[in-house]
Each structure stands twice: as C-alpha cells, then as structure tokens.
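What follows is a short report on a single structure.
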Protein chains: 2
Amino acid sequence: MPVATETRGQLVIIGGAEDKQGDCKILREFVRCSGGLQAQIVVMTVATNLPGEVGSDYIDVFKRLGVEDVRVIDTARREDASEAKALEAITNATGVFFTGGDQSRITSVLKGTELDAALHKRYAEGIVVGGTSAGASMMSETMIVDGDAETHPRMDIVEIDSGMSFMPDALIDQHFAQRGRLGRLISGVAKEPQLLGIGIDENTAIIVDNHQFSVIGAGAVTIVDLSEVTHTNLDSLLKDEGLAVCGAKLHILPDGYRFDMQTRQPIVNP
Amino acid sequence: MPVATETRGQLVIIGGAEDKQGDCKILREFVRCSGGLQAQIVVMTVATNLPGEVGSDYIDVFKRLGVEDVRVIDTARREDASEAKALEAITNATGVFFTGGDQSRITSVLKGTELDAALHKRYAEGIVVGGTSAGASMMSETMIVDGDAETHPRMDIVEIDSGMSFMPDALIDQHFAQRGRLGRLISGVAKEPQLLGIGIDENTAIIVDNHQFSVIGAGAVTIVDLSEVTHTNLDSLLKDEGLAVCGAKLHILPDGYRFDMQTRQPIVNP
C-alpha cells in the first residue's frame, strides 16, 4: 500500500477523456500511486450502461501498463454491492477506479451499502481511489448531478445532491473547458458557498493527498472560490433569473501546479 | 443628441444574437439612447460578407421600433470610407450600429480613414455607437481578432490586435458563455493585464457611459480582472503550454447590474 503512514489514501480525479492510447500520463500516475506493477486494481463500472465494453477498455490499458492484478466489478443493482466477491475485491485492492457514465447511478447503487463502507475503510487505510467524468463528480460530499452547459449562472440550471464523500469541502465538475461549464460550476457553488469549486478539463486530473492536490495532464484545473464574495443576489433571486457574483476568486492551474485546500491558495514555488 | 453635456457618447456593446423578433430589449435601448423616434441611425455592415441581407434585417427591426431615419452604409473597401455620402451619414447620425461578421474587416477597412475620424468626432460630441458580435469586439483599443473556444488558457489560442478604440482599458469577448470562451478571454487579458476582460453573453449587452456600464439582456457579463494576480507563469511559458493564473478576480453580472471601470468594482445598491 502506498502512503501507509498517511491518515488516508490518495484520490486521482480526472475530468474525463483521459488518454488511453498514447503515453497515458494520468492513468500511469494512478497505477504508480496504487503500487506500480504490484498494484491490485479494481475497475468499478457502476456509472456506465456499457459495463462490458468500458470495463474491458480499462483492463486493456492497465494490463498494457504492466498491472497483472486488475479486475472489473460491475454492481448494476444495490444487492450486488453486498456480494462477497465484490467486497473481497475491494478489501484486497490497492487502487479502485470509477469509470464515466452517470454519477447518480454511482450514489444510488452504492451509497450506504457494505461496498461503500469497505471502500471508505480501505481509503482510510491508504489506498487510491480514482475516477473519471461521472467517477470524478461523485468524489465530493456534494456533487453536481446534472446541469446545463454554455450558459450564465442560474439556480435552475444545476442539480446537486450527495456524492460519495471522498473529498469534503469541494464541488467538482468535469469536461470543464471543453463543455463551457463555468456557469454551471458557479451555480452549484453558489448553493453551497463554503465549498471550493473545482473544474477539471478533459485529459487532466488532480491528485489529492490529504488537503493538497497537484494538477497533471493536458488541460487545466479552474478553481472558483466564492468564500469572499462582496455581493450576490441569491437572497432575492427567482428561479429563472441570472445569478450575480461580485468578487469571486479564480485560479487556473495547468500541469505541475499544486493547491492547498486549507489555505485555499495555490502553492507556488519561489 | 443624447447626453450632450457628457464628454462623449454612449456605447451599446452586444454579445451577439440579440433578439430581433420579440421585445428587442437591447436594440430598443440602443434606439432610446440614440434619440428614440427622432434617432438618425446608420447601420455599418463592414464586418459582414452578407451586407445586403444583414443590413436589411436591421433596417426592418429599427423601422418596426418606429425609427424613420435609418440607413445602411456598406464600406466594402477602404476607399468607400472617404466617400461623401458615407461621411455625411455619420455626421448626421445620432446612433451608429456595427453588425456582426469579422472584426478584422472593421479595422482593416476603417482604421485611420476619414470615416473613422468622423465617427470618433461624433462619439466625442455625444452620439451612440453600438455593435454586436464582431461589432462588439472592435470597440476596445486592443481587440481579440480570433481564438479557440472551449479550451484552457494558452498563449497560442488567441490573436489580438488594435481595435477601433471606443472603449479603452478593456478587452471584450462576445458569445461568451455560449461558446465557452473563458480560456480565450483570460489568454487575451494575460497579454495585456492592465486591461479588464469583459465577456458578454449572447442577447446581452453593456451600455457604457463614460467609465461606468450597465448590463442589459438575457445572459450575463463576466468580468475577469488580472490586475492583482499573485502569480502567473507568463515569463517562462512556451508557446503550447498552459497558462497559470493565481488570484484573478471574477465578477458575473446579470441584467440590471452596473460596473465602474475606474474602481474596477461592481456598483451595488445597498
């Protein structure tokens, strides 16, 4: 197990469409964090309605990177999440990877099950939990379930709900720049302004280690901090009216940059 | 002439795709600022390669709003911009409206011509200059000529050049939320960080009166202020690398909000 002396493991949170054909920079890092060639990886296909196809793609790429012990667990129904085989796989895993699909399938099938408990226990013991697209959204305590893209912020364009709670204090969005989701992320954070909005581009990821994360990949991570806004119109806003946000803080961090969730500041080397 | 006691006129800067069929809120306001039913409006079709069609659309909507004196001036070539008929139209106009198309056509045809001088003279005397899409981009001293959308900020995704200089201190982008242009606007402002980045959504406009503007329309205006960033990687950035921006300020202002360009703050009524 990596980082066994830490209080919990690492998260690899990917904005979707990560490279699986080329140098696989992000998935390579997921494998390295999970123990390298000795990693025991479980691919969770619960989010997708094409579990066979999607699972097989990840088996292929992880095998190509040299991982021998990689298996797919597909929990299509809630009862699957208490099956001995699935629980055993999670108990032995050093890295668990959630594919894309629909994030509300992940929470509706897994939340509160034995598998959920096993996963959080293992995460507390130091394993790596990774996820892409829907598998990224579900990482936070509050998640974006669905929403409109390419529009200004409005309260009725985004739906939020409980996530799988691996990363508190954050609201994560994915395919961020590619789908023009600034308005959607800000609308979500406006509902819970104590959360930090984290928009992750495609083929880009954050690697979270306790309260810090680093950025890796081809795009950037956009961080929206509404904790010090000087004015919003939230109190008087009707459903279809535009949200006003004055004095938000914005950070855009490409590959190699680090961020501290506690200080809410990028970590810039002098 | 409206606002004759001011040192200069008003600007109506529209993010494209303004309503021309329904209540025409924005074009209605352009007409009102230009003198209402007594307005003398010139539609400049220099940006478009469909001047007949586009010009006729604006004639129709301005006539429907009750303006009797509305005409199209199409300066397809630079020599057209010193023709007596065009200069006379500008000299008599109370409102000049630039259609969409390609903003570099506006500057390459008009900049430095007699018509350019006449337009700035009339603007200084108090007339209204309006523009949509390409006609919005050209308003600033430095303008975005072209750029990629739906990507993170990079220096090679945006091309900037001199604009028509009606609004100093700003860099304007249009179709903002609809085309996911946050990365493009930030890339542009990063090249000239003293400028304020103003992203205007479709069917949304700012009405500029000296150093203040108000927002009108269905979307929002996104303001990016890089004047107090705590860190960027601009000094060491290679052409295709991701731009880092730490500590940018972000305001999102819907219909009814006002902003002061001098203080760089939204004007919020208590």
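Throughout, a chain's letter reflects where its sequence line sits, starting with A, and its residues are numbered from 1.
Heavy atoms of A/Asp225 lying under 4.5 Å from chain B are absent altogether. Contacts of B/Asp255 with chain A are absent, with no heavy-atom separation under 4.5 Å from either backbone or side chain.
Within the model, atoms CZ of A/Phe176 and CG of B/Leu182 stand 6.5 Å from one another, a figure rounded to the nearest 0.5 Å. Atoms CD and CD, from A/Glu202 and B/Glu150 in turn, are 9.5 Å apart once rounded to the nearest 0.5 Å. Atom NE2 of residue A/His251 and atom CG of residue B/Leu250 lie 11.0 Å apart, to the nearest 0.5 angstrom.
Of the residues considered (B/Arg154, B/Gln178, B/Lys249), B/Gln178 shows the highest number of contacts with chain A, using heavy-atom pairs under 4.5 Å. The candidate with the highest count of non-hydrogen atom pairs below 4.5 Å against chain A, out of B/Ala149, B/Gly180, B/Pro153, B/Cys246, is B/Cys246.
The nearest pair of heavy atoms linking B/His152 to A/Ala177 is N-CB, 3.8 Å. Of all heavy-atom pairs between A/Gly242 and B/Pro254, the closest is O-CG, 3.3 Å.
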Worked check of side chain to side chain contact (heavy atoms under 4.5 Å, CB included) between B/His231 and A/Tyr257: CA-CA 11 Å; B/His231 169 86; A/Tyr257 274 78; 2.7 Å; yes
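A heavy-atom distance below 4.5 Å is not found between the side chains of A/Leu243 and B/Ile252. Contact annotation: the side chain of A/Pro266 never approaches that of B/Thr230 to less than 4.5 Å [non-hydrogen atoms, C-beta and beyond].
Residue B/Gln194 qualifies as enclosed at atom CD: its count of foreign heavy atoms under 6.0 Å is above 12.
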